[in-house]
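Throughout, a chain's letter reflects where its sequence line sits, starting with A, and its residues are numbered from 1.
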Number of protein chains: 2
Amino acid sequence: MSEDFLLEMGYSGLTGRLKRLSDAFMYQTRDLYREYDEDIEPNWHMIFLLLQKNETMTVTALAEALQLSHPAIVKLINKMKKKGYIDSVVDAEDKRKYDLMLSQKAKQKLPKFQKYWEAGEKALQELLNHNKQLLEQLEQLEAKMAETDFRTRMDKLLVNE
Amino acid sequence: MSEDFLLEMGYSGLTGRLKRLSDAFMYQTRDLYREYDEDIEPNWHMIFLLLQKNETMTVTALAEALQLSHPAIVKLINKMKKKGYIDSVVDAEDKRKYDLMLSQKAKQKLPKFQKYWEAGEKALQELLNHNKQLLEQLEQLEAKMAETDFRTRMDKLLVNE
DNA sequence: TAAATTTACGTAACCAGTTACGTAAATGTG
DNA sequence: CACATTTACGTAACTGGTTACGTAAATTTA
């Protein structure tokens, strides 16, 4: 038996391999943060960047930008608040909304965090042989999924069989 | 603001995009199974295939073949047992081990399941434009990660800075 | 302007993984 | 052969997502 069954399985193994890879990146990044005693999580990265770029954003705006569900953002934000990285105020014009922004602590720590993020980016570039082929392939796949998603394609294939 | 921040972020967005993609495949496949009233989960696919190929396997053997932790396999297997797809007997020679195998129900349902899996494979081929470039790119990435993982590469880059 | 609808956010319950720890069986060793 | 070590599996607690449902504020509409 081979050492990696998913690799053997060609197309059918793809989804599992994507999962394994994304998990590996996440766990390894988290390990590194812990080793360096930083109380941040890997998936906060993009939240930090978005709030750095946009000053204030709402839960919904973050969810759209990252294409996650709003409860996912709520969970993230609550943890970041608990650690003191996020401040929020009720929106003046729409009391349903919270305007989220980086705290002083976050702004102060950002330069340090940036070093980790840069290291991550460089490590990724190494892993991808400094070319964007994988990125481009993924972009094509994402575009195709946006046209007609996996579910719908399976459905059609099952019906037309 | 762009509609997809991760896409904008190049290398840094990659890990999030892998996560999104693998989640999308999983959720959409699960939806399809539910629509067709099949009480199976997406991640059982490879377990079914492995047990079809190998007759009996232990928890550890499955974990190695799929490169998952053993508790992950235990959880999977318990659910599959609960649904009656897996039988297990204590190994005759080593009482710590369970020999896992497909139940009669599983064997009988396999041809039906195979149709879903084939549809999934075809849908994936469509999404990949019937070429294996993405698979190959991923394989290279996996090989590089096996050489020196992401964590170690980040570490080096941080130290040498 | 009153009522219906939509939007923003929160909560609960679920699924998929992980690491850390514990126990019992098998194996290695003095 | 007794004891120490390793291996196989199980359980608990955690992270990261999801969908489904509820509530309050804003907006639309009759």
Sub-4.5 Å side-chain heavy-atom contact between Lys156(A) and Thr148(A): yes
Residue-level proximity of residues 69-84 of chain B to DNA chain C when a heavy atom falls under 4.0 Å: Ser69(B), Pro71(B), Ala72(B), Lys75(B), Lys79(B)
5' precedence on DNA chain D between Lys97(B) and Arg96(A) (nearest-nucleotide basis): Lys97(B)
Lys81(A), NZ: over 12 other non-hydrogen atoms inside 6.0 angstrom: yes
Protein-nucleotide distance (His45(A), atom NE2; dG16(D), atom P), rounded to Å: 15 Å
Donor-acceptor pairs under 3.5 angstrom involving side-chain atoms of residues 38-50 of chain A: please list them, not counting sequence neighbours.
unit_1	atom_1	unit_2	atom_2	d
Glu38(A)	OE2	Lys112(A)	NZ	2.9
Glu38(A)	OE2	Tyr116(A)	OH	2.9
Asp39(A)	OD1	Tyr85(A)	OH	2.6

Proximity to DNA chain D (any heavy atom under 4.0 Å), residues of residues 88-95 of chain A only: Glu93(A), Asp94(A), Lys95(A)
Positions of residues 31-42 of chain A (non-hydrogen atom under 4.0 Å from DNA chain C), listed by number: none
Lys144(B) atom NZ: more than 12 heavy-atom contacts under 6.0 Å: yes
Whichever of Val59(A) and Asp23(A) has its nearest DNA chain C nucleotide further upstream toward 5': Val59(A)
Note, Met154(B) side chain near Tyr36(A) side chain (heavy atom, < 4.5 Å): no
Any donor-acceptor N/O pair, Asn54(A) side chain to Thr56(A) backbone, under 3.5 Å: no
NZ/Lys122(A): more than 12 non-hydrogen atoms of other groups inside 6.0 Å: no
Flag side-chain contact, heavy atom, 4.5 Å: Glu139(A) against Leu7(B): yes
Donor-acceptor contact present, side-chain Gln28(B) to main-chain Phe150(A), <3.5 Å: yes
Test side-chain contact (heavy atoms from CB on, under 4.5 Å) applied to Ser22(A) - qualifying residues, sequence neighbours left out: Leu18(B), Lys19(B), Ser22(B)
Other residues, nucleotides, ligands: >12 heavy atoms within 6.0 Å of Glu55(A) CD: no
Other residues, nucleotides, ligands: >12 heavy atoms within 6.0 Å of Lys109(A) NZ: yes
Short side-chain N/O contact to dG17(D) OP1/OP2 from Asn43(A), under 4.0 Å: yes
Residue met sooner reading DNA chain D from 5', once Gln67(A) and Arg30(A) are mapped to nucleotides: Arg30(A)
Leu62(B) vs Ile77(B) side-chain heavy atoms within contact, under 4.5 Å: yes
Interface limits on DNA chain C, where chain B has a heavy atom under 4.0 Å of a nucleotide atom: dC15(C) to dA26(C)
